[in-house]
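Basis for what follows: all heavy atoms, side chains included, without hydrogens, waters or symmetry-related copies.
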Amino acid sequence: MPVETVSLENARLTLEKLGFSLEAKEPSTRWIDQKSILCGVPKCGKSNLLAQAGASNFFIRLAPEFTNLKTFGVDCRDLGEVESVVGRLLQANTQKAFIWDTITFDPGDRLLDFIAEAVSEHYEADSIGDIPHGKGWSAYKLKIRSFVYSLEPLPAHKFFVFHTQTREYPEAGQEHEKNPKTYPKEIVALSEKTESVFAKWVDSIFHIKTGYVGDKEARVIL
């Protein structure tokens, strides 16, 4: 019986057969693929703005500040409750029962407080700063990043609502002067240890600015 031979040309592996795609990945501009920070001074209408989406926006309310605002979602008072809700949302998505196009974590600083409390409890410390050798801050930032990335499978825009704070910055060329000229700038109210990295884990930062046009109060989103 003749022995069949296989052409090496036909048997040659290709990148496609190995599971590699040679197509460029285009950046997504879809609403449900984005993560954003919405920030502004207290009482400027951040939650009110997002609540206008009605039942399509699932609010994870992290503080008892919504008594005068109609929102759809749940109340959470610690990280365990938040993670439980996220787990159920992921399950709803797996079961093709996910109905929201936006998820809002409000206020975001409480979410970070919950994470800090969980890290401190894990190390049996009173606060992150009491954990030696910088392990507390490293674990804190890692847990924030892991949490944010755990939301990726959900087909919804993720909003994190924060206040802003004013910080003085030296003018250009004055950075190394003893008494530099400075200018005030409103920034997201995050600690200096997290503000530079948290911004890397979201796609956009929306800043609500308030002011007056004549005698009428106005808002603009930057």
Tell me whether [X] contacts the main-chain N or O of [Y] through its side chain, where contact means a donor paired with an acceptor under 3.5 Å.
X	Y	value
K96	A92	no
N93	L154	no
Q165	A189	no
E152	D33	no

**Message:** Could you measure the distance from the CD1 atom of I99 to the CZ atom of F72? Nearest 0.5 Å is fine.
**Reply:**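 If I round to the nearest 0.5 Å, the distance is 10.0 Å.
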N/O donor to acceptor pairs below 3.5 angstrom from side-chain atoms of residues 39-63, sequence neighbours left out:
residue, atom, partner, partner atom, Å
K46, NZ, G40, O, 3.4
K46, NZ, V41, O, 3.1
K46, NZ, H163, ND1, 3.4
S47, OG, D106, OD2, 2.3
S56, OG, A53, O, 2.8
N57, OD1, T104, OG1, 3.0
N57, ND2, L50, O, 3.1
N57, ND2, T104, OG1, 3.1
R61, NE, D75, OD1, 2.8
R61, NH1, T71, OG1, 2.9
R61, NH2, G73, O, 3.4

Under 3.5 Å, side-chain donor or acceptor atoms of residues 124-135 against the rest of the protein: list the pairs with distances, not counting sequence neighbours.
residue, atom, partner, partner atom, Å
S127, OG, D130, OD2, 3.1

**Message:** Minimum heavy-atom separation for L190 and R167, please, with both atom names.
**Reply:** O-NH2, 4.0 Å
**Asked** Can you name the closest pair of heavy atoms from K181 and Q174 and give their distance?
**Response** N-OE1, 3.2 Å
Look at the aromatic rings of [X] and [Y] and report parallel, tilted or perpendicular, splitting at 30° and 60°.
X	Y	value
W100	F98	perpendicular
Y149	W201	perpendicular
F147	F105	perpendicular

**Message:** Do K209 and E186 have side chains that approach each other closer than 4.5 Å (heavy atoms only, starting at C-beta)?
**Reply:**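 Yes, their side chains come closer than 4.5 Å.
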**Prompt:** Within a radius of less than 6.0 Å around CD of E217, do more than 12 heavy atoms belonging to other residues, nucleotides or ligands occur?
**Reply:**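 Result for CD/E217: enclosed.
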**Prompt:** Around Y183, counting heavy atoms of other residues, nucleotides and ligands shown, do more than 12 lie under 6.0 Å from its OH?
**Reply:** yes
**Message:** What I want to find out is whether K185 reaches E168 closely enough, with some N-O distance under 4.0 Å, to be called a salt bridge.
**Reply:** no
**Message:** Working note: R77 + E81, criterion side chain to side chain contact (heavy atoms under 4.5 Å, CB included); need CA distance, chi angles, decisive distance, verdict.
**Reply:** CA-CA 7 Å; R77 295 297 179 263; E81 291 183 357; 4.0 Å; yes
**Joint hydrophobic cluster, W31 plus V161, side-chain heavy atoms closer than 4.5 Å** = yes
**Item:** Common cluster, V188/F206, ILVMFWY with side-chain heavy-atom separation under 4.5 Å
**Value:** no
Enumerate donor-acceptor pairs with a distance under 3.5 Å from any side-chain N or O in residues 110-119 to protein atoms, sequence neighbours excluded.
residue, atom, partner, partner atom, Å
R110, NH1, D113, OD2, 2.8

